[in-house]
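Written below as structure tokens is the structure these notes are about.
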Amino acid sequence: MPRKVDSGSGRAVPKKRLSGAASGGFRRAVPATTLLWVLAALYGLPVLWFVLSSFKPAGDLFSLPLTLLPHDPTLSGYKTAWDSANFSQYFINTTIVCVIATILTVGVSCCTGYALAKYDNKWLKVFFVGILATTMLPGEVMLAPQFLVVRDLGLYNSLAGIILPAVLTATGCFMFRQFFLTVPDELIEAARIDGARELSIFLRIMVPISRPIMLTLAILSFQWRWNDYIWPLLMLNDPGKFTVQIGIQSLVGAQNINWSVVLGGSVISMIPLIVVFLVFQRYVMNADINAGLKD
């Protein structure tokens, strides 16, 4: 077998040098890999305990000594949770809210981020500062004015009242703005010279190359809306319009709590989030953020 040749000098690279570099890289990777496995275990162990505990009977959850694996696995907690609450209707209501809110959030954030990044106007900068300022306030501070606005619009006790305040998010606008700032202005100028209109530039050039950001924000937005509890609790009083998180709260009794049932209902509510992440995360991981751009 001929030895590998160094492209810079044209000389053959000794095998000892290659093996030494490989072993050095392996030694440097061991501490980082070990640290990542330790962090994964720290984050994953509570989740694993939570899921396995949902298969335990109510009497075994607090029996001593505590055990990770259930001695007598049962699905009674899941069955009781599903029968006690109208989970099918809760899932439909939450899915409607999450899908519509996610589509609107991604679309509005994409348009806003593009305008903030590519148009030079002092009032746009003031608007951007105002959007960022909302992240400096606790969410509870915004509940009262949001409730008054939605109520005066006649959207109280409706799914639209949950969706509307979730359309524009500071996180989404900031993500798209920072991404569009990395897109060269020469690309837009070239499209304008070729006769493309502003709307065509945005839809045919900017939107396709921002696909990784769109998918990332879609996953985050879906998760936010699915796990939202306080705002739907304030806006809804009709049990037929309750979301999943309010439905889980209804499993908690006034005098006592059947933790087996609550754990079962909580795991049921996690399934759609896991499915959405598993379906879309590979598109985010494999997407080329710089697709279509050249230096």
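Along the sequence shown, residues are numbered consecutively beginning with 1.
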(request) Go through the steps to decide whether Trp226 and Val276 satisfy the test side chain to side chain contact (heavy atoms under 4.5 Å, CB included), and finish with yes or no. (result) CA-CA 11 Å; Trp226 190 273; Val276 169; over 6 Å; no
The side chain to side chain contact (heavy atoms under 4.5 Å, CB included) partners of Ile248 (sequence neighbours excluded) come to Phe87, Val244, Gln245, Ser266, Ser269
When you measure from the side chain of [X] to the backbone N and O of [Y], does any donor-acceptor pair fall under 3.5 Å?
{"X": "Thr135", "Y": "Leu132", "value": "yes"}
{"X": "Ser260", "Y": "Lys56", "value": "yes"}
{"X": "Thr80", "Y": "Gly77", "value": "no"}
{"X": "Ser109", "Y": "Val106", "value": "no"}

Can the ring centroids of Tyr156 and Phe147 be said to lie less than 6.0 angstrom from one another? yes
Quiz item: Could you go step by step and tell me if Phe242 and Asn86 meet the side chain to side chain contact (heavy atoms under 4.5 Å, CB included) rule?
Solution: CA-CA 9 Å; Phe242 282 174; Asn86 190 9; over 6 Å; no
Paired with Phe180, the ring-ring contact (aromatic ring centres under 6.0 Å, His included) test is passed by just one of Tyr114, Tyr119, Phe174, namely Tyr114
Looking only at the side chains, is there a donor atom on one of Asn93 and Thr95 sitting less than 3.5 Å from an acceptor on the other? no
Can you name the closest pair of heavy atoms from [X] and [Y] and give their distance?
{"X": "Leu181", "Y": "Ala117", "answer": "CD2-O, 3.7 Å"}
{"X": "Leu124", "Y": "Leu116", "answer": "O-CD2, 3.3 Å"}
{"X": "Leu42", "Y": "Pro46", "answer": "O-CD, 3.1 Å"}

